[in-house]
Amino acid sequence: MNDNDLQQRISEAIRNPKNMGEMEAADAVGAVGNSQCGEMLRMWVKFKEENGKKVIDRATFQSFGCETAIAVASLATEMIRGKTIEEALSLTGEELSGDLGPLPPMKIHCSQLVEGALRSALEPAAPSTVPAPAAQPANSSLLENFTQPVQPSGGLRIVMLDEKKAS
Ligand code: FES
């Protein structure tokens with residue numbers, strides 16, 4: 001796929017982005033930032049019971065600016081509907097990019113940002129981990145989350161992706 005094809009797919013995905021915006025009464029929320037490009041992304045998730053399993057009912061996101069991250073988040077929030085937490089956590093940034101196809105090296109971190117936000121939201125809710133920290137106030141904005149100090153217990157934990165070792 002050449003750059004024009006990719007840009008066209010990204011443009012199509014963001015023309016009518018799915019699941020964009022804050023979610024009221026979400027069961028889980030996560031956020032990540034990338035200090036290199038300044039992009040930030042927050043994701044909300046709502047669960048439901050289906051056939052005796054806890055699955056993702058829906059997910060929404062909020063992002064500043066980056067078209068690729070918005071396109072991936074739009075596709076990813078559709079893709080994870082109906083999946084268990086474990087199934088969603090097993091998806092890589094590349095898989096979450098879905099129909100966009102393989103991203104060029106300089107755009108891979110955009111899909112990793114979406115993967116990171118999803119992990120930030122879902123890992124505390126995963127059955128094998130400790131209980132999730134208290135939910136953040138529903139009226140706090142994404143910018144406020146990123147300008148407030150990270151709290152060691154409770155509140156929203158923001159993960160700066162470039163501080164993590166590449167897996
Ligand atoms: Fe950094 Fe897209 S340019 S997330």
Side-chain angles (χ1 to χ4, degrees), residues 1-24 26-48 50 53-126 141-146 156-167:
M1 178 187 307
N2 65 38
D3 285 354
N4 286 339
D5 289 341
L6 176 64
Q7 191 53 50
Q8 195 171 349
R9 286 172 191 255
I10 290 171
S11 297
E12 282 169 16
I14 65 169
R15 193 168 300 139
N16 183 23
K18 305 280 193 293
N19 310 310
M20 208 165 160
E22 205 166 324
M23 184 194 295
E24 293 285 327
D27 295 320
V29 60
V32 289
N34 183 306
S35 59
Q36 298 294 310
C37 67
E39 181 60 272
M40 304 169 190
L41 195 135
R42 187 163 64 162
M43 192 170 281
W44 292 264
V45 181
K46 187 89 182 156
F47 301 111
K48 66 177 179 182
E50 195 173 83
K53 288 191 298 187
K54 182 178 177 180
V55 299
I56 295 168
D57 182 24
R58 63 190 209 97
T60 67
F61 72 97
Q62 193 177 48
S63 174
F64 288 133
C66 169
E67 291 187 347
T68 305
I70 292 171
V72 174
S74 174
L75 293 167
T77 49
E78 286 291 294
M79 185 185 298
I80 62 174
R81 277 181 186 224
K83 293 195 183 307
T84 64
I85 293 172
E86 294 87 348
E87 288 168 344
L89 284 173
S90 72
L91 296 169
T92 64
E94 187 178 344
E95 289 166 328
L96 292 169
S97 302
D99 291 342
L100 291 181
L103 298 174
M106 65 182 296
K107 294 285 184 186
I108 287 174
H109 79 276
C110 308
S111 65
Q112 289 172 337
L113 197 80
V114 176
E115 181 187 352
L118 191 60
R119 289 189 178 284
S120 174
L122 294 182
E123 281 177 350
S141 71
L142 181 57
L143 184 59
E144 284 167 347
N145 289 150
F146 282 92
L156 180 67
R157 185 172 65 97
I158 298 169
V159 179
M160 299 306 284
L161 291 183
D162 57 346
E163 292 176 6
K164 294 170 67 176
K165 286 187 177 167
S167 56

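We number each residue from 1, following the sequence as shown.
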Participant: Quick one: are Ile85 and Lys54 in side-chain contact, heavy atoms under 4.5 Å?
Facilitator: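 The answer is yes, as the side chains (C-beta and beyond) meet within the 4.5 Å cut-off.
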Participant: Just wondering, do Met43 and Gln62 contact through their side chains at under 4.5 Å, heavy atoms?
Facilitator: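 Contact flag for Gln62/Met43 side chains = no.
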Participant: State whether the side chain of Arg42 and the backbone N or O of Phe61 hold a donor-acceptor pair below 3.5 Å, judged by distance alone.
Facilitator: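 Between the backbone of Phe61 and the side chain of Arg42 there is no qualifying donor-acceptor contact (under 3.5 Å).
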Participant: Does Glu95 reach the main-chain N or O of Thr92 with its side chain, forming a donor-acceptor pair under 3.5 Å?
Facilitator: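 Yes: the side chain of Glu95 pairs with the backbone of Thr92.
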Participant: Here's a test for you: under side-chain contact (heavy atoms from CB on, under 4.5 Å), which of Glu115, Lys83, Arg119 qualifies with Leu91?
Facilitator: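 Result: among Glu115, Lys83, Arg119, Lys83 is the only option passing the side-chain contact (heavy atoms from CB on, under 4.5 Å) with Leu91.
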Participant: Between Ser120 and Gly30, which heavy-atom pair has the shortest distance, and what is it?
Facilitator: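 Scanning both residues, the minimum pair turns out to be OG-CA, 3.2 Å.
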Participant: Looking only at non-hydrogen atoms, find the nearest pair between Ser74 and Lys18 and report the distance.
Facilitator: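 Smallest heavy-atom distance, with atoms named: OG-N, 2.9 Å.
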Participant: Ignoring hydrogens and geometry, is there a side-chain-to-backbone donor-acceptor pair from Thr60 to Gly21 under 3.5 Å?
Facilitator: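 Flag set: sc Thr60 to bb Gly21 pair under 3.5 Å.
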Participant: About how many Å separate CG of Leu118 and CG of Leu113, when rounded to the nearest 0.5 Å?
Facilitator: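 Going from CG on Leu113 over to CG on Leu118, the span is 11.5 Å.
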Participant: Any idea which heavy atoms bring Pro17 and Arg15 closest together, and the distance?
Facilitator: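 Taking every non-hydrogen atom into account, CD-C, 3.6 Å.
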Participant: Using the test salt bridge (charged side-chain N to carboxylate O under 4.0 Å, His left out), find all partners of Glu50 that sit at least two apart in sequence or belong to another chain.
Facilitator: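 Salt bridge (charged side-chain N to carboxylate O under 4.0 Å, His left out) list for Glu50, sorted by chain: Lys48.
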Participant: Grab the two heavy atoms, one from Ala73 and one from Val114, that are nearest each other, plus how far apart they are.
Facilitator: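 Of all heavy-atom pairs spanning Ala73 and Val114, the closest is N-CG2, 3.7 Å.
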Participant: Is Arg58 reaching over with its side chain to a backbone N or O of Lys46, donor-acceptor style, under 3.5 angstrom?
Facilitator: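 Judged by distance alone, no pair lies under 3.5 Å.
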Participant: Heavy atoms, side chains only, cut-off 4.5 Å: are Leu41 and Phe64 in contact?
Facilitator: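 Contact flag for Leu41/Phe64 side chains = no.
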Participant: Determine whether Arg81 and Asp57 make a side-chain contact, defined as any pair of heavy atoms from C-beta on separated by less than 4.5 Å.
Facilitator: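 Of all side-chain heavy-atom pairs linking Asp57 with Arg81, none is under 4.5 Å.
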Participant: Give the intermediate values and the outcome of side-chain contact (heavy atoms from CB on, under 4.5 Å) for residues Val55 and Phe47.
Facilitator: CA-CA 6 Å; Val55 299; Phe47 301 111; over 6 Å; no
Participant: Drop me the distance from Gln112's CD to Lys107's NZ, to the nearest 0.5 angstrom.
Facilitator: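 These two atoms lie 13.5 Å from each other.
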Participant: Shortest non-hydrogen contact from Glu87 to Thr84?
Facilitator: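 Heavy atoms of Glu87 and Thr84 come nearest at OE1-N, 2.9 Å.
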Participant: Kindly indicate whether the side chain of Met40, heavy atoms from C-beta on, has any atom under 4.5 Å from the side chain of Val32.
Facilitator: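 Heavy-atom side-chain distance check fails, nothing below 4.5 Å.
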Participant: CG/Leu103 to CD1/Ile108 distance, rounded to the nearest 0.5 angstrom?
Facilitator: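 These two atoms lie 6.5 Å from each other.
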Participant: With a 4.5 Å heavy-atom cut-off, do Leu96 and Ser111 have their side chains touching?
Facilitator: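 In short, these two side chains do not touch, never coming nearer than 4.5 Å.
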Participant: For the residue pair Asn34 and His109, establish whether any side-chain heavy-atom pair is separated by less than 4.5 Å.
Facilitator: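 They are in contact (side-chain heavy atoms under 4.5 Å apart), so the answer is yes.
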Participant: Please report the shortest heavy-atom distance between Ser97 and Leu75, naming the atom on each side.
Facilitator: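 So the minimum-distance heavy-atom pair works out to O-CD1, 3.2 Å.
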Participant: If we only count heavy atoms from C-beta on, is the Leu100 to Val72 side-chain gap below 4.5 Å?
Facilitator: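 Yes; the side chains approach each other to less than 4.5 Å.
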Participant: Using 0.5 Å steps for rounding, measure from the CD1 atom of Ile70 to the CD1 atom of Ile14.
Facilitator: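 Between atom CD1 of Ile70 and atom CD1 of Ile14 there are 6.0 Å.
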